[in-house]
There are 2 protein chains.
Amino acid sequence: MNQTRTALLQEAELLIRKRGYAAFSYSDLSAKIGIAKASIHHHFPTKEALGVALIDEYLERFEADLEALSHGPGEATAKLLAYGDFFAQGIKEGLLPLCGVLASDVSALPESIKSRVEKFFQQHLDWLEKEIRAGVKRGELRLDLKPKRAARVVLSTLQGASLTAWALGESASVKPTLKDLLAQLGK
Amino acid sequence: MNQTRTALLQEAELLIRKRGYAAFSYSDLSAKIGIAKASIHHHFPTKEALGVALIDEYLERFEADLEALSHGPGEATAKLLAYGDFFAQGIKEGLLPLCGVLASDVSALPESIKSRVEKFFQQHLDWLEKEIRAGVKRGELRLDLKPKRAARVVLSTLQGASLTAWALGESASVKPTLKDLLAQLGK
DNA sequence: ACGACCTTACCTACTAGTTGGTAGGCTATC
DNA sequence: GATAGCCTACCAACTAGTAGGTAAGGTCGT
């Protein structure tokens with residue numbers, strides 16, 4: 001039914017995560033999807049609307065994934081490693097984390113998108129903090145750092161490791177970097 | 001003598017680090033500097049040439065700074081913290097790390113710039129590895145991680161912490177995140 | 001000392017191409 | 001017959017880059 005709309009969102013996400021927000025255009029999209037450039041406006045009146053829809057869907061999807069991870073089996077460390085796979089997997093497919101890309105263009109973005117990028121970071125910090133706290137409580141993690149601060153270290157490292165791996169063309173280096181970090185954090 | 005040229009490079013760097021590579025144009029520059037757009041072509045025939053000159057200067061400046069840090073006084077940990085100030089200071093001034101920004105636009109960049117971004121990451125990994133190795137040797141650092149891998153964790157964390165701080169508007173959070181990391185790395 | 005010449009640094013006015021977005025029309029389906 | 005989904009054909013604004021000219025300053029041989 002909404003298959004064109006879905007295809008547009010999907011393709012736009014790929015383009016942004018590969019080339020950055022500014023570097024994707026309605027022209028690119030129309031070529032990839034195979035409909036006229038003007039027809040995109042039928043589904044998304046403005047580029048901003050498309051961007052907002054795209055990131056909202058991304059946030060929702062991620063929230064569901066995090067929820068599933070939380071409720072699934074495994075210790076805290078295993079869950080953190082699995083969390084890292086979201087980033088590692090993306091890089092292997094040639095895709096940067098969406099909100100990492102958007103963050104670096106943030107001051108050229110409309111307010112509606114900016115606030116959603118912020119929400120993304122907050123959502124992830126909250127999830128990490130929660131899982132780390134639970135891991136400590138269950139005795140699966142021992143660390144001197146407060147969970148809130150450990151969460152920030154983990155998210156920062158993953159974002160940065162993605163960027164570094166991307167720049168150096170070493171798509172397999174994200175996961176080991178996270179493992180190294182967790183080995184040290186866990187003491 | 002070359003004061004216009006210098007001003008152009010300076011302003012271009014600010015624009016890129018604030019808004020991303022794609023989002024800076026000769027128009028922006030001409031407005032900021034106060035010369036006609038076409039006159040910029042007198043100093044830099046193409047945008048790519050400007051970009052290359054800019055990043056080359058940035059690399060050179062950074063190399064000198066790192067050299068000075070290496071040869072200066074202080075223990076390894078202090079040097080790593082001082083290194084972190086390059087990032088923390090930038091964020092406080094509203095500036096992302098140049099090569100972090102460029103990395104996220106990398107697949108939309110000309111080859112000449114791409115390779116320099118790679119060089120940047122390599123240069124920093126090498127410096128960090130060297131300092132960490134020296135710190136271990138002098139007994140100032142104790143860590144289970146191999147210096148090479150510790151270096152990657154540190155660089156990743158700083159890049160990511162810059163991005164996170166930027167997205168959340170928490171310009172003061174880079175330094176504490178590095179401190180937390182080093183406290184854990186140092187065991 | 002003087003004109004001839006070149007270079008530097010800038011200008012206005014333009015080009016071809018791209019951008020996001022609009023207007024209006026066609027066609028199939030509900 | 002309305003609406004969804006697409007089209008062609010356009011628009012104004014912007015992009016990097018070009019053409020050609022001006023004014024100032026230095027360097028040259030005479």
Query raised in the report: Which residues, if any, of residues 25-32 of chain B bring a heavy atom under 4.0 Å of DNA chain D?
Result: B:Ser25, B:Tyr26, B:Ser27
Contacts under 3.5 angstrom, residues 161-170 of chain B side chains, donor-acceptor by atom type, not counting sequence neighbours:
residue  : atom : partner  : partner atom : Å
B:Ser162 : OG   : B:Leu158 : O            : 2.8
B:Thr164 : OG1  : B:Gly160 : O            : 2.8
B:Trp166 : NE1  : A:Ala103 : O            : 2.9
B:Glu170 : OE1  : A:Arg152 : NH1          : 3.2
B:Glu170 : OE1  : A:Arg152 : NH2          : 2.3

Just the table, please: protein N/O against nucleotides 11-15 of chain C N/O, every pair under 3.5 Å.
residue : atom : partner : partner atom : Å
C:dC11  : OP1  : B:Ala36 : N            : 3.4
C:dC11  : OP2  : B:Ala36 : N            : 2.4
C:dC11  : OP2  : B:Ser39 : OG           : 2.6

Query raised in the report: Under a 4.0 Å heavy-atom cut-off, which of residues 43-53 of chain B touch DNA chain D?
Result: B:Thr46, B:Lys47
Query raised in the report: Does A:Glu48 have any side-chain hydrogen bond (donor to acceptor under 3.5 Å, both in side chains) partners at least two apart in sequence or in another chain, and if so, which?
Result: A:Ser112
Requested in this report: Kindly write out the residues that satisfy side-chain contact (heavy atoms from CB on, under 4.5 Å) with B:Glu11, not counting sequence neighbours, or none if the list is empty.
Outcome: B:Leu14, B:Leu29, B:Lys32, B:Ile33
Requested in this report: Scan residues 10-18 of chain A against DNA chain C and write down, sorted by residue number, each residue with any heavy atom closer than 4.0 Å; if none is found, say none.
Outcome: none
Report summary line: Sorted by chain and residue number, the side-chain contact (heavy atoms from CB on, under 4.5 Å) partners of B:His43 (sequence neighbours excluded) come out as B:Thr4, B:Arg5, B:Leu8
Report summary line: To the nearest angstrom, the OH-P distance between B:Tyr21 and D:dA16 comes to 9 Å
Query - salt bridge (charged side-chain N to carboxylate O under 4.0 Å, His left out) contacts in which one or both residues fall within residues 79-91 of chain A, not counting sequence neighbours - result: A:Asp85-A:Lys175
Report task. Quick one: which residue pairs count as a salt bridge (charged side-chain N to carboxylate O under 4.0 Å, His left out) with a foot in residues 86-103 of chain B, not counting sequence neighbours? Result -> none
Query raised in the report: Can you tell me how far P of D:dC6 sits from CD1 of A:Ile33, to the nearest Å?
Result: 10 Å
Report summary line: Taken in chain and number order and not counting sequence neighbours, the residues that satisfy ring-ring contact (aromatic ring centres under 6.0 Å, His included) with A:Phe62 are A:Tyr58, A:Phe86, A:Phe120, A:His124
Check nucleotides 26-30 of chain C for protein N or O atoms closer than 3.5 Å to its own N or O atoms and list the pairs.
none

